[in-house]
Amino acid sequence: WDSNGTVFGYNPSIPGHTAGEFGHNDFYPVVMAAAQVKGDIDGKTALKAMVAIDEIRGRLAEVFSLKSYKIDHVVHGAIASAAVYGALLGASAEQIESAIG
């Protein structure tokens with residue numbers, strides 16, 4: 001067990017949500033980078049952004065299990081990181097969508 005880990009997308013009461021995606025909280029530096037670039041992101045906003053990264057990763061894990069396809073969990077983290085970084089820097093929805101690909 002890794003104390004710095006979380007499991008997303010595991011809910012046995014919902015059919016099809018039992019794969020469970022393991023992930024480290026190693027995407028938080030994205031928030032710190034955005035704060036450094038922007039210069040005016042306070043602690044409350046940074047903490048909410050970190051939670052948003054985990055929430056996005058969790059929602060992605062609920063609808064698409066990477067583990068089922070032998071794809072590493074970092075893909076969900078990359079998508080979440082692009083969305084949150086863009087939002088923190090004031091990107092439009094279209095710009096964030098483009099960043100995610």
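Every heavy atom of this structure was used, including side-chain atoms; hydrogens, water molecules and symmetry mates were not. Numbers here simply count residues along the sequence, with the first being 1.
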S.K.: Taking side chain as C-beta onward, heavy atoms only, is Asp54 less than 4.5 Å from Tyr28?
M.R.: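 Yes, at least one pair of side-chain atoms sits under 4.5 Å.
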S.K.: Given 3.5 Å as the limit, does a donor-acceptor pair link the side chain of Ser81 with the main chain of Gly77, or not?
M.R.: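 Yes.
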S.K.: Could you state whether Ile100 and Phe27 fall into the same hydrophobic cluster, counting links through intermediate Ile, Leu, Val, Met, Phe, Trp or Tyr residues with side-chain heavy atoms under 4.5 angstrom apart?
M.R.: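 Shared cluster, yes.
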S.K.: Could you tell me whether the side chain of Ile96 reaches within less than 4.5 Å of the side chain of Tyr85, counting heavy atoms only?
M.R.: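 Of all side-chain heavy-atom pairs linking Ile96 with Tyr85, none is under 4.5 Å.
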S.K.: Would you kindly confirm whether Val51 and Ile53 end up in one hydrophobic cluster when ILVMFWY residues are joined by side chain heavy atoms under 4.5 Å apart?
M.R.: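 No, because Val51 and Ile53 fall into different hydrophobic clusters, even though each may have its own neighbours under 4.5 Å.
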S.K.: Between atom CZ of Arg57 and atom CD1 of Ile79, what is the distance when rounded to the nearest 0.5 Å?
M.R.: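 Reported to 0.5 Å precision, the distance equals 11.5 Å.
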S.K.: Hey, any chance Ile56 and Ile71 share a hydrophobic cluster, counting ILVMFWY side chains that come within less than 4.5 Å of each other, even indirectly?
M.R.: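 Ile56 clusters together with Ile71.
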S.K.: Should Met50 and Glu55 count as side-chain neighbours, where that means a heavy-atom distance under 4.5 Å?
M.R.: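 Not touching, per the 4.5 Å side-chain cut-off.
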S.K.: Classify the angle between the aromatic ring planes of Phe64 and Tyr69 as parallel (below 30°), tilted (30 to 60°) or perpendicular (above 60°).
M.R.: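 Parallel, since the angle between the ring planes stays under 30°.
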S.K.: Before giving the answer on side-chain contact (heavy atoms from CB on, under 4.5 Å), spell out for Val31 and Leu88 the whole-Å C-alpha distance, their side-chain angles and the decisive distance to 0.1 Å.
M.R.: CA-CA 8 Å; Val31 176; Leu88 288 170; 4.2 Å; yes
S.K.: Is it the case that one hydrophobic cluster holds both Val74 and Met32, taking links as side-chain heavy atoms less than 4.5 Å apart, direct or via other members?
M.R.: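 Val74 and Met32: one cluster.
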S.K.: Please list all pairs passing the side-chain hydrogen bond (donor to acceptor under 3.5 Å, both in side chains) test where one or both residues lie in residues 37-47, with sequence neighbours left out.
M.R.: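 Applying side-chain hydrogen bond (donor to acceptor under 3.5 Å, both in side chains) to every pair that reaches into residues 37-47, excluding sequence neighbours, yields Asp42-Thr45.
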